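First up is the structure itself, then whatever we jot down about it.
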Amino acid sequence: MEIAKAYDPKEAEEHHYARWEASGCFAPEINENPDAEKFSIVIPPPNVTGTLHMGHALQHTLMDVLTRWKRMRGYRTLFLVGVDHAGISTQLMVTRQLKKDEHKSPQDIGREAFTEKVWEWKNKYGDVITRQIRKEGLSVDWSRERFTMEEGLSTAVREVFVRLYEEGWIYRGTRIVNWCPRDKTVLSDLEVKEEKAKDGKLYYLVYPIKGADEKLTVATTRPETMLGDTAVAVNPEDERYKHLIGKTILLPLTNREIPIIADDYVESEFGTGAVKITPAHDPNDWEISQRHNLELLVVMNDDATMNEAAGKNFAGLDRYAAREKVVMEFEKLGLLEKIEDYEVTLPHCERCKTVIEPLLSEQWFAKMDEMRDQALKLLREENSPRFFPEVPHKKVYTLWLENLRDWTISRQLWWGHQIPAWYDKDGNIFVAHSKEEAALKAGTEELTQDNDVLDTWFSSALWPFSTMGWNGSEPGAIAPGFSSPGSKNPGAIAFGSDKASDLETFYPTDVLVTGRDIIRLWVSRMVMTGLKFTGKKPFDDVIIHGTVLDKNGQRMSKTKNNGIDPLEVFEKFGVDATRMTLAGSATGIDFAWRDEKVESYRNFANKIWNAWRFCLMNSEGASVNPDILETDLRSLKDQRNQPFGSPSLADWWIEARLIKTAKAVNFALDTYQFHEAVQLLYHFFWDDFCGWYIELVKDVITGEIQSELPAEMKLVVQSKARSRIITILEQSLRLLHPFMPFLTEELWQQLPGVGSHLHNPAYRSAEKTIMLTEFPRGNDKTWEAAERTMTYVIELISKVRNIRAEMNIKSSDKVAIHIAAVDTEMLDAFRGNEAQILKLAKADSIVFENPSKFPKASAKAVLTGNAEIAIPLQGLIDFDKERSRLSVQIEKLDIELQRLNGQLSNANFVEKAPAEKVNELRERQVEIGQQIRTLGNNLEALK
RNA sequence: GCCGACUUAGCUCAGUGGUAGAGCACUCGCUUCACACGCGAUAGGCCACAAGUUCGAACCUUGUAGUCGGCACCA
């Protein structure tokens with residue numbers, strides 16, 4: 001059969017996913033073992049408007065590696081997928097589209113029509129991200145796909161809102177809030193990004209004092225807000241202003257008279273020591289106003305233009321135009337003292353980058369105190385959740401909870417969960433699960449629902465349990481010390497009844513994988529609501545992955561246009577290579593993206609392809625059979641080192657390596673050290689399996705051995721060897737599968753002898769696929785003798801190759817290897833693998849003899865274990881070169897010997913260091929001393 | 001202002017209280033029948049700097065410098 005020389009990922013990527021999905025491999029129901037342990041993980045729901053970026057790809061890869069690994073280990077596995085309605089982003093996107101297509105604003109068409117448009121948009125474009133998730137190869141259960149706006153999850157949202165309201169944790173209040181004048185909605189503190197302004201200025205405005213010649217200067221970065229000033233504050237201890245306290249100011253540009261008050265908040269050293277107080281437009285000023293009962297004067301509209309209260313000269317002006325005009329007027333009046341350059345950071349809307357306007361506004365807030373205390377208690381008593389890496393994320397999480405402020409949960413949007421609160425004509429509030437329920441409570445049908453929707457994160461906070469069917473009717477185990485849930489919910493609607501037990505089976509989840517930027521926004525809130533509403537923590541472990549930076553170490557951003565599109569990388573190098581690259585970066589650490597890195601994993605995929613190609617080209621009479629591995633090797637002690645024996649030393653050794661690697665990979669994944677697992681697999685497959693094993697057994701496999709064995713025996717040995725190599729390959733593919741699902745499935749399917757009998761016992765009746773095979777566990781068995789003996793062979797071959805290269809021996813020239821060794825194990829190893837040594841070292845003979853018999857004109861080297869070798873170079877030897885070669889080696893060894901001598905002659909070391917360590921160094925000292933003497937003699941002989 | 005992380009080969013990064021590692025790039029040699037996306041062989045580092053703890057420090061402690069984050073404040 002013709003097999004391509006290079007792996008083309010396209011075909012594998014196109015073929016397997018649909019089959020996996022269709023045959024139900026991703027759903028937990030595939031597991032037939034009623035006693036199977038469960039493993040569950042929920043995807044951080046990407047925005048329905050979103051497209052895949054590198055951060056997703058990294059996060060998704062880690063989750064899928066864990067899921068595929070656990071599934072192969074026999075766990076009943078659920079990787080739950082879904083998308084977030086992403087209130088602001090989606091509304092913005094559809095608004096833009098509406099404007100483009102119909103030249104209309106949302107207000108033009110009204111709320112109902114607009115939300116209908118959004119749903120249309122969602123149905124049309126909302127699957128972009130889910131298609132991309134399929135492309136990534138994620139083994140998520142699409143039959144349980146969720147959307148935060150679907151009925152079930154909305155029920156959960158209403159239930160939580162009602163319950164928190166009834167318990168008094170949700171309230172409506174008037175506060176200074178973060179207002180985005182462009183999106184015309186309030187934002188939570190976490191949706192606001194502080195950024196340095198380019199041309200910040202500090203304006204010094206002079207305020208005349210009533211009934212005095214004195215004037216007071218205040219400094220401000222926002223002069224336009226002076227129109228809303230209702231006081232000027234000074235520090236009560238400030239000698240400069242003490243006498244002014246209680247007097248009033250004639251506020252310029254207005255006809256108002258405002259008091260001079262004293263408040264500790266004012267720092268005398270800053271600015272002029274006098275602060276203008278604008279309670280309706282600054283959070284600190286608002287605090288002061290509450291203490292002093294100051295008047296609140298709102299001078300701005302919700303689009304950041306000035307309103308009537310600002311005076312008719314300013315009404316209608318944009319805030320920046322008003323600023324200029326105020327400054328101009330002050331200058332005209334001679335009341336502008338100076339303008340200084342001043343570095344100022346301003347809050348910006350995370351989504352649209354508009355400068356936030358602090359505004360006095362009536363909103364819904366959630367007081368998280370009780371839930372916060374539960375979360376902190378869980379953290380302190382059980383160290384849960386555990387963060388990986390723990391530093392610094394545990395601290396960020398703790399500090400945030402400790403300083404938690406009330407959460408602004410209402411948004412002035414149309415796309416989202418409309419707040420389940422209704423008002424009667426007198427403005428009384430009725431919070432209920434439905435209008436019918438509200439009507440019952442109100443005793444009237446004449447109700448209007450609150451216009452606002454909830455912060456998108458309100459529904460995200462419930463994600464781990466709302467997606468699994470929680471609707472408030474589930475009793476839920478209540479952890480001791482935690483308050484019991486509120487009154488039963490009469491309006492709760494049962495949904496997804498066939499999956500109703502998911503909550504019981506899969507909640508809490510096992511691990512959460514997410515980025516550090518949403519620890520506070522999301523992780524903390526899931527913990528809080530999870531504890532409160534289910535009585536259980538939503539997950540045990542939280543893996544915080546790093547940030548993928550561009551090749552210059554810069555954060556990727558749309559404005560810098562330095563983003564790397566994962567889909568382009570998939571296209572160029574394949575999904576599997578990309579996944580290896582992402583999983584191969586250390587957990588939690590930021591790293592700069594390098595195409596070269598993916599390229600090397602693309603090469604790795606190709607290496608695997610070619611190893612497979614070799615095995616397949618020589619697979620006649622062979623089939624995958626894991627039983628032959630250990631059973632066959634068990635009898636090895638009796639027959640090891642037989643020439644062309646099967647199993648041979650190489651067989652023995654590669655299985656030792658496989659078992660060790662499997663053990664280490666399992667451990668690495670258990671501790672979330674993905675990069676460690678990747679390194680182990682890369683090294684095992686490339687160096688051990690391809691570099692040594694294939695080369696060592698190649699001749700047996702291809703039938704090119706020159707042995708004295710009878711032909712029938714030769715065939716038996718050959719087909720056994722073929723089955724073994726193909727079995728080792730199959731085991732390797734299983735180990736690689738969680739990382740490289742497409743390639744491994746593609747290759748596995750075509751191996752002879754594979755079938756569902758290789759599946760983990762939990763999946764025996766499923767259609768054959770590598771993703772359901774048993775993940776090799778490895779064990780603690782060590783075959784030290786095999787590894788040690790193999791080291792002798794490897795060292796011998798390497799030393800001969802080194803001599804060949806350094807002495808410029810043509811690759812077509814065969815050499816003779818003269819070996820002087822005393823260790824019987826070593827001698828056995830060399831004799832038993834003579835054919836392989838000859839081939840790999842390009843030699844035609846091995847001579848065992850005393851070093852005194854070594855031909856004079858030889859290049860020489862020493863081996864570990866007091867052995868020497870010589871390569872005769874009759875006529876070809878360059879004595880100068882050989883002398884310098886030997887000198888360099890002696891020099892290197894001597895440096896090490898000096899260090900050892902120094903250490904061992906240090907009485908303190910010998911006395912205090914562990915005896916084991918001291919012995920180790922002594923042995924090394926003897927070994928090196930011996931080698932130096934031998935090399936020295938050889939060098940001497942050349943003089 | 002406070003807190004944290006990072007600083008290791010030319011580049012990107014692993015790493016452990018006891019001889020410093022990988023991939024890529026570089027140098028030399030190979031069209032060897034799985035693979036040139038390959039094979040073989042080299043070269044390359046006082047592990048940012050300084051002090052301390054220790055028999056022993058790249059690793060632990062403290063300080064310094066640089067880089068990058070987070071938080072707070074910003075009249």
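All of these numbers come straight from a predicted model, not from anything done at the bench. Chain naming here is simple, since letters A, B, ... match the order of the sequence lines and numbering starts at 1 in each.
Taking a pair as Watson-Crick or G-U wobble with both distances under 3.5 Å, RNA chain B forms stems of 3 or more consecutive pairs at B:1-7 with B:65-71, B:10-13 with B:21-24, B:27-30 with B:38-41, B:48-52 with B:60-64.
Within 4.0 Å of A:Glu596, counting heavy atoms only, lie sugar-phosphate atoms of the nucleic acid but no base atom. If you check every strand for non-hydrogen atoms under 4.0 Å, A:Glu911 touches nothing. If you check every strand for non-hydrogen atoms under 4.0 Å, A:Arg924 touches a base. Among the heavy atoms of the strands, none lies under 4.0 Å from A:Arg885. Nucleic acid contact for A:Glu194: base, since at least one base atom lies under 4.0 Å from a heavy atom of the residue. Residue A:Thr345 is classed as a base contact, given a heavy-atom separation below 4.0 Å to a base. Within the nucleic acid shown, A:Tyr204 has no heavy atom closer than 4.0 Å to any nucleic acid atom. Within 4.0 Å of A:Thr547, counting heavy atoms only, lies no atom of the nucleic acid at all. Using a 4.0 Å heavy-atom distance criterion, A:Leu900 is classed as making no nucleic acid contact.
Counting only residues at least two apart or in different chains, side chain to side chain donor-acceptor pair (under 3.5 Å) contacts with residues 574-586 of chain A comprise A:Asp64-A:Arg579.
If you check B:rA5, B:rA22, B:rC74 against the side chain of A:Val391, the one that comes closest is B:rA5. Distance from the side chain of A:Phe270 is smallest to B:rC74 among B:rA14, B:rC74, B:rG18.
For the pair A:Glu287 CD and B:rC73 P, the computed distance is 11 Å after rounding to whole Å. Counting to the nearest Å, the P atom of B:rU19 and the CG atom of A:Asn919 are 16 Å from each other. One can place CH2 of A:Trp400 at 13 Å from C1' of B:rG70, the figure rounded to the nearest angstrom. Atom CD of A:Gln673 and atom C1' of B:rG15 are 11 Å apart (whole Å). Atoms CD (A:Glu402) and P (B:rG70) sit 21 Å apart, rounded to a whole Å. The nearest whole Å value for the distance from the CG atom in A:Asp189 to the C1' atom in B:rC73 is 14 Å. The distance from atom CG of A:Asn284 to atom C1' of B:rA72 is 12 Å, rounded to the nearest whole Å. Rounded to an integer number of Å, the gap from A:Tyr397 OH to B:rC71 C1' is 18 Å.
In this structure, a donor-acceptor pair under 3.5 Å is present between the side chains of A:Asp595 and A:Trp593. A donor-acceptor pair shorter than 3.5 Å cannot be found between the side chains of A:Arg240 and A:Ser268. Looking only at atom types and distance, the side chain of A:Glu795 has no donor-acceptor partner in the side chain of A:Ser798 under 3.5 Å away.
Here the side chains of A:Ile654 and A:Phe684 are in contact, with some heavy-atom distance below 4.5 Å.
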Name the pairs: protein N/O against N/O of nucleotides 9-13 of chain B, kept only if under 3.5 Å.
from, atom 1, to, atom 2, distance (Å)
B:rC11, O2', A:Arg594, NH1, 3.1
B:rC13, OP1, A:Ala592, N, 2.8

Quick one: what's the B/S/- string for nucleotides 32-45 of chain B, heavy-atom cutoff under 4.0 Å, read 5' to 3'?
-> BBBB-BSSSSSS--

Sequence-aligned protein contact record of nucleotides 52-57 of chain B, with B where the base is within under 4.0 Å of a protein heavy atom and S where only the sugar-phosphate is = ---B--

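A distance of about 36 Å separates the P atoms of B:rG44 and B:rU62, rounded to the whole Å. For B:rA22 and B:rA43, the P atoms lie 12 Å apart once the distance is rounded to whole Å.
In terms of position along RNA chain B, the nucleotide closest to A:Val396 lies nearer the 5' end than the nucleotide closest to the other residue of the pair A:Val396 and A:Leu202.
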Return all side-chain donor-acceptor pairs below 3.5 angstrom for residues 388-397 of chain A, not counting sequence neighbours, or 'none' if the list is empty.
from, atom 1, to, atom 2, distance (Å)
A:His393, ND1, A:Pro389, O, 3.1
A:Lys394, NZ, A:Asn383, OD1, 3.1

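Checked options A:Lys276, A:Arg319, A:Arg323; the residue passing with A:Glu224 is A:Arg323 (criterion: salt bridge (Lys or Arg N to Asp or Glu O under 4.0 Å)).
Taking the centre and axis of the six-membered ring of A:Phe614, the NZ or CZ atom of A:Lys698 falls inside the cone set by 45° and 6.0 Å.
For A:Phe604 and A:Tyr682, the distance between ring centers is under 6.0 angstrom.
A sub-4.0 Å separation between OP1 or OP2 of B:rG21 and a side-chain N or O of A:His683 is absent. Contact between the side-chain N/O atoms of A:Lys193 and the OP1/OP2 oxygens of B:rG70 is found at a separation under 4.0 Å.
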